[in-house]
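Working notes for the structure below.
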Amino acid sequence: MTYDAIVLAGGAARRLGGADKPGLLVGGRPLLDRVLDACADARTTVVVGGRRPTARPVRWARESPPGGGPLAALDAGLRHLHGHPGPAPGSDARAGAVDTRAARVLVLSADLPFLDRDTVRALLDAPGGDGAVLRDPDGRDQPLVAAYRAEPLRREIALLAAEHGALAGLPLRAITAELQLTRVTAAAPLASFDCDTWDDLAAARARIREHGTVLEQWITAAKTELGIDLAVDTKTLLDLARDAAHGVARPAAPLTTFLVGYAAARAEATGADPAEAVAEACRKASGLALRWAAEAEAAGPAEPTGSG
């Protein structure tokens with residue numbers, strides 16, 4: 001399903017003492033970049049907040065007035081989709097203009113360190129109504145982790161603007177109360193975890209290093225940092241590192257995995273499938289390491305030499 005994404009990144013972060021919350025690091029990556037990774041396949045992404053370097057290209061918008069709250073920020077994001085402000089709420093679009101915007105708009109806050117692509121897809125695929133909102137493990141709706149149908153969302157914003165004269169200071173529930181939303185429970189219970197306080201940030205940094213997920217988190221971060229998108233067969237690579245360490249010497253493990261990556265890149269340059277190239281290089285290198293181990297076992301311990 002084609003969709004646009006709006007990420008709200010302009011809050012005051014009062015409970016963080018006014019810190020630059022979107023730029024805070026979790027797992028070595030800014031919170032904003034982690035959220036942008038979860039919606040990487042959006043047709044257009046607008047970030048509402050101060051400009052900054054990001055891991056992928058986005059469009060930028062600012063709410064009016066600055067600090068006007070999430071509803072004003074959402075309005076700014078909607079009006080800047082596809083790089084143009086578009087009509088203000090309550091005004092008529094130009095006659096004959098073609099609206100190329102997507103039918104659904106994913107709306108996210110910029111402080112969700114554990115939001116993943118599966119959760120985004122579940123929100124987009126939820127059937128019926130005016131969209132879908134994530135329900136957290138405590139049963140609370142999270143309107144800033146939601147996928148809305150664009151037409152009713154724009155309609156309700158326009159009605160609110162006409163009623164109140166401005167959107168600044170209005171709560172998001174003024175919109176969500178008027179929409180028919182499907183509630184979605186994420187398969188990943190931490191998908192809705194947000195970083196509002198320093199304690200939240202510390203908890204996120206601790207959780208990302210938990211034994212069951214640390215390798216997955218690290219590989220994702222490393223791929224993003226290196227600008228590559230490749231399915232990583234962790235077990236195969238770890239098995240190769242083990243074989244090289246045991247069959248040759250411990251320093252051979254990282255050196256061998258580096259060489260495998262280099263060989264796979266050369267194979268890909270000739271048209272090979274990247275995943276298949278990695279698997280083939282691992283098979284060859286692992287076989288070599290096992291042959292080294294077999295030779296060492298057959299030879300037995302080296303005889304000491306000396307005079308006399």
In terms of hydrophobic clusters joined by side-chain contacts under 4.5 Å, are [X] and [Y] together?
{"X": "V26", "Y": "L112", "value": "no"}
{"X": "V58", "Y": "L31", "value": "no"}
{"X": "L144", "Y": "L167", "value": "yes"}
{"X": "L170", "Y": "I6", "value": "yes"}
{"X": "L190", "Y": "L134", "value": "no"}

Closest heavy-atom contact between [X] and [Y]?
{"X": "C39", "Y": "L106", "result": "CB-CD2, 3.7 Å"}
{"X": "G49", "Y": "W60", "result": "O-CE3, 3.7 Å"}
{"X": "P113", "Y": "R34", "result": "O-NE, 2.9 Å"}
{"X": "L81", "Y": "A5", "result": "CD2-O, 4.3 Å"}
{"X": "L8", "Y": "P70", "result": "CD1-O, 3.8 Å"}
{"X": "S64", "Y": "A72", "result": "O-CB, 4.3 Å"}

Would you call [X] and [Y] a salt bridge, using N to O less than 4.0 angstrom?
{"X": "R121", "Y": "D41", "value": "yes"}
{"X": "R56", "Y": "D33", "value": "no"}
{"X": "D75", "Y": "R154", "value": "no"}

- Please assess L25 against R205 for the test side-chain contact (heavy atoms from CB on, under 4.5 Å), listing each intermediate value before the final yes or no. CA-CA 8 Å; L25 301 181; R205 289 172 170 171; 4.3 Å; yes
In the structure I gave you, are the side-chain heavy atoms of [X] and [Y] within less than 4.5 Å of one another anywhere?
{"X": "R117", "Y": "D37", "answer": "yes"}
{"X": "Y3", "Y": "L123", "answer": "no"}
{"X": "D243", "Y": "W292", "answer": "no"}
{"X": "V145", "Y": "L115", "answer": "yes"}
{"X": "V7", "Y": "V48", "answer": "no"}
{"X": "V184", "Y": "V133", "answer": "no"}
{"X": "I219", "Y": "T234", "answer": "yes"}
{"X": "F114", "Y": "D194", "answer": "no"}

[atom1] of [X] to [atom2] of [Y]: how many Å apart, nearest 0.5 Å?
{"X": "D130", "Y": "E151", "atom1": "CG", "atom2": "CD", "answer": "8.5 Å"}
{"X": "L201", "Y": "T197", "atom1": "CG", "atom2": "OG1", "answer": "8.5 Å"}
{"X": "L71", "Y": "E63", "atom1": "CG", "atom2": "CD", "answer": "11.0 Å"}
{"X": "R149", "Y": "L181", "atom1": "CZ", "atom2": "CG", "answer": "11.0 Å"}
{"X": "Y148", "Y": "I175", "atom1": "OH", "atom2": "CD1", "answer": "8.5 Å"}
{"X": "L237", "Y": "T256", "atom1": "CG", "atom2": "OG1", "answer": "11.5 Å"}

- Residue pair V248, L288: steps toward the side-chain contact (heavy atoms from CB on, under 4.5 Å) verdict: CA-CA 10 Å; V248 185; L288 177 62; over 6 Å; no
- Does a donor on one side chain and an acceptor on the other come within less than 3.5 Å for D239 and T236?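 No - no donor-acceptor pair under 3.5 Å links their side chains.
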- Message: Does atom CZ (R173) have a neighbourhood of more than 12 heavy atoms from anything else shown, all under 6.0 Å?
- Response: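 Counting neighbours around CZ of R173, 12 or fewer heavy atoms of other residues, nucleotides or ligands fall under 6.0 Å, so no.
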- Query: Should we count CZ of R183 as having more than 12 external heavy atoms under 6.0 Å?
  - Reply: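 Atom CZ in R183 is packed in, count exceeds 12.
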- Evaluate the side-chain contact (heavy atoms from CB on, under 4.5 Å) criterion for residues V47 and R59: first the C-alpha distance (whole Å), next the side-chain angles of each, then the deciding distance (0.1 Å), finally the verdict. CA-CA 6 Å; V47 177; R59 299 188 185 276; over 6 Å; no
With a 3.5 Å distance limit and no angle check, can you tell me whether [X] reaches the backbone of [Y] through a side-chain donor-acceptor pair?
{"X": "S286", "Y": "R283", "result": "no"}
{"X": "H80", "Y": "A76", "result": "yes"}
{"X": "D136", "Y": "D138", "result": "yes"}

- Start with the C-alpha gap between T54 and R52, add the side-chain angles, then the distance that decides, and say whether side-chain contact (heavy atoms from CB on, under 4.5 Å) holds. CA-CA 6 Å; T54 52; R52 68 186 64 236; 4.2 Å; yes
